[in-house]
Number of protein chains: 2
Amino acid sequence: MTRIKGLLYHYVRMRINRNHETKIHPSTPQRKLLFDVIQEAGKHLDAKELYRRASERDPSISLATVYRNLRLFKEQGLVDERHLGQARCYYAMKQLGEHQYLVCAACGKVIEFESPLIRKLIAEVQHKNNFFVTKIELYLEGHCRKCKEEKK
Amino acid sequence: MTRIKGLLYHYVRMRINRNHETKIHPSTPQRKLLFDVIQEAGKHLDAKELYRRASERDPSISLATVYRNLRLFKEQGLVDERHLGQARCYYAMKQLGEHQYLVCAACGKVIEFESPLIRKLIAEVQHKNNFFVTKIELYLEGHCRKCKEEKK
DNA sequence: ATAGGTGCAAATGGTTTGCGAAAAC
DNA sequence: GTTTTCGCAAACCATTTGCACCTAT
């Protein structure tokens, strides 16, 4: 019963957002804070880390609010979501193909990189499969120089 | 207390596996069944789907066994794990770069593809960052022809 | 006053773990 | 007989949701 009511509420809210093409709504202090933190970080943040950083400035903010706003930001295309290792991470939206990751399986170091080959690849895949690509996640894992040498 | 004991047990088991370079152990019927199902499927399976298919042949198999063996297979390099959308999926190990995915955000269709550009990209990244790449995940999302047209 | 947002606490759902029994070596 | 694996139930943990209150229109 309450279940139904909740679902309905959220469904209706989403429809409203869709139909009215709602613009960005940093109407609340919490929402603004969260978005600021994401932008300032620049790099990938998971929900917990975002919550931690936001809590420093507003100790009363709740984790539920973090998740709700992340979902909203995603829907509005303000942030993008990536799976990095096992965690979901978020970062402020940039151009298609700008956030690609190289992770050392041994020491955990994360290197962000970009390559013109990525654009070529997108073009090729779009053409061959008659697909319009809107998102790309490229994740490479391996061993950095240091860990490679230490392995011996 | 019980917690400590459990962790210790698993820690010791892992150390033993590491040190002795344990070979494949499809010693139990359940393990063999699970591996067979993965191989026969060929494509990506998540844990639930693997459990469902395995249950058809051995209705008494448990989900815990599925997860435990998936972990084991992963450790031994028999299967690889990917994040496809929100789910973790598994497939029998092939060559580096052979499993890349293109997913339609609207209808959910999954296309598996490969491109020589992927090898080029690996080579480039390895060289530029002095990294030894052991794993690559490439995930593209967008709209397939049908959904692209229906959008209008 | 009404819609949308929040904090809190509880629910959810995928994955992991403790444990006693069974199987493998 | 010792070690490994299993099934079951309980625990875990990231995420989501119901609800009552609040806050801006």
Side-chain angles (χ1 to χ4, degrees), chain A residues 1-17 20 22-35 45-52 54-55 58-76 81 83-90, chain B residues 1-17 20 22-35 45-52 54-55 58-76 81 83-90:
Chain A
M1 175 65 105
T2 52
R3 174 97 41 92
I4 303 291
K5 196 176 151 201
L7 286 175
L8 206 64
Y9 169 75
H10 283 284
Y11 175 70
V12 169
R13 189 173 74 69
M14 279 177 65
R15 291 304 303 251
I16 291 172
N17 277 346
H20 291 216
T22 315
K23 289 279 187 266
I24 312 157
H25 247 236
S27 51
T28 74
Q30 293 91 335
R31 184 168 302 160
K32 179 155 186 1
L33 170 58
L34 289 170
F35 193 67
L45 292 175
D46 63 10
K48 214 166 62 180
E49 176 64 11
L50 174 55
Y51 173 61
R52 204 189 56 71
S55 297
D58 173 2
S60 76
I61 202 168
S62 95
L63 192 51
T65 297
V66 171
Y67 280 110
R68 275 189 289 237
N69 280 296
L70 276 175
R71 190 219 289 225
L72 198 63
F73 293 157
K74 248 192 310 178
E75 280 172 17
Q76 300 183 333
E81 180 186 58
H83 291 270
L84 221 52
Q86 302 294 11
R88 291 194 209 174
C89 295
Y90 303 85
Chain B
M1 176 65 106
T2 53
R3 176 97 38 92
I4 302 288
K5 196 176 151 199
L7 287 174
L8 206 66
Y9 168 74
H10 282 286
Y11 176 71
V12 169
R13 189 173 70 71
M14 279 176 66
R15 291 304 303 251
I16 291 170
N17 277 346
H20 290 218
T22 315
K23 289 281 187 260
I24 312 157
H25 247 234
S27 49
T28 74
Q30 292 93 333
R31 183 167 302 161
K32 179 155 187 0
L33 170 59
L34 289 170
F35 193 68
L45 292 174
D46 63 11
K48 213 166 65 180
E49 176 63 13
L50 174 55
Y51 173 60
R52 204 190 56 71
S55 297
D58 173 2
S60 76
I61 202 169
S62 94
L63 192 50
T65 297
V66 171
Y67 280 109
R68 275 188 289 237
N69 280 297
L70 277 175
R71 190 219 288 226
L72 198 63
F73 293 157
K74 249 192 308 179
E75 281 172 14
Q76 300 182 333
E81 179 187 58
H83 291 269
L84 223 50
Q86 301 295 12
R88 292 193 208 173
C89 294
Y90 303 85

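A, B, ... follow the sequence lines: proteins, then strands. Residue 1 opens every chain. In this text the structure is predicted, and so the values were computed from the model without any measurement.
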Q: Using whole Å, report how far CZ of A/F73 lies from P of C/dG5.
A: 11 Å
Q: Return the value, rounded to whole Å, for the distance between atom CD of B/E49 and atom P of C/dT15.
A: 13 Å
Q: Report the relative orientation of the aromatic rings in A/F35 and A/F73; use parallel for angles under 30°, tilted for 30 to 60°, perpendicular for over 60°.
A: perpendicular
Q. Taking atom C1' of C/dT16 as reference, at what distance in whole Å does atom CG of B/L70 sit?
A. 13 Å
Q) Taking the side chain of A/A64 as its heavy atoms from C-beta onward, which of C/dT6, C/dC8, D/dC8 lies nearest to it? A) C/dC8
(Q) Regarding C/dG4, can its base be found pairing with the side chain of A/R31 as donor and acceptor, where the two atoms are less than 3.5 Å apart? (A) no
Q) So what does A/D46 touch, heavy atoms closer than 4.0 Å: a base, only the sugar-phosphate, or nothing? A) nothing
(Q) In whole Å, I'd like the distance from the CG atom of A/L72 to the P atom of C/dT6. (A) 9 Å
**Q.** Nearest-nucleotide pick for B/S62, side chain only, options being D/dG7, C/dA24, C/dG14
**A.** D/dG7
Q: For B/A47, answer base if it contacts any base atom (sugar-phosphate contacts may also be present), sugar-phosphate if it contacts only those atoms, and nothing otherwise; contact means non-hydrogen atoms under 4.0 Å.
A: sugar-phosphate
Q) What is the distance, rounded to the nearest whole Å, between atom CZ of B/R88 and atom C1' of C/dT15? A) 7 Å
Q.
Can you see if the side chain of A/R71 gets near the phosphate of D/dT17 - specifically, an N or O under 4.0 Å from OP1 or OP2?
A. yes
Q: Determine: side-chain N/O of B/Q86 to OP1/OP2 of C/dG14, distance under 4.0 Å, yes or no.
A: no
**Q.** Contacts of type salt bridge (Lys or Arg N to Asp or Glu O under 4.0 Å), residue A/R88, not counting sequence neighbours
**A.** A/E81
Q. If you measure from CG on B/N69 to CZ on B/R31, what distance do you get to the nearest 0.5 Å?
A. 4.5 Å
(Q) I'd like to know if B/R68 reaches the base of D/dG7 with its side chain such that a donor and an acceptor end up less than 3.5 angstrom apart. (A) yes
(Q) Is A/T28 close enough to D/dA24 that one of its side-chain N or O atoms is under 4.0 Å from OP1 or OP2 there? (A) no
Q. Considering only side-chain heavy atoms of B/T65, which listed nucleotide, C/dG14, C/dG7, D/dC6, is closest?
A. D/dC6
(Q) Would you say NZ of A/K74 has more than 12 non-hydrogen atoms from neighbouring residues, nucleotides or ligands within 6.0 angstrom? (A) yes
Q) So, is B/Q30 near the phosphate of C/dA23, with a side-chain N or O under 4.0 Å from OP1 or OP2? A) no
Q: Find the distance between OG1 (B/T65) and CG (B/D58) and round it off to the nearest 0.5 Å.
A: 9.0 Å
Q) Tell me: CG of B/N69 to P of C/dA24, nearest whole Å? A) 14 Å
Q. For the pair made of NE2 in B/H83 and P in C/dG14, what is the distance, rounded to whole Å?
A. 15 Å
Q. Atom CD of B/Q76 to atom C1' of D/dT4: distance rounded to whole Å?
A. 13 Å
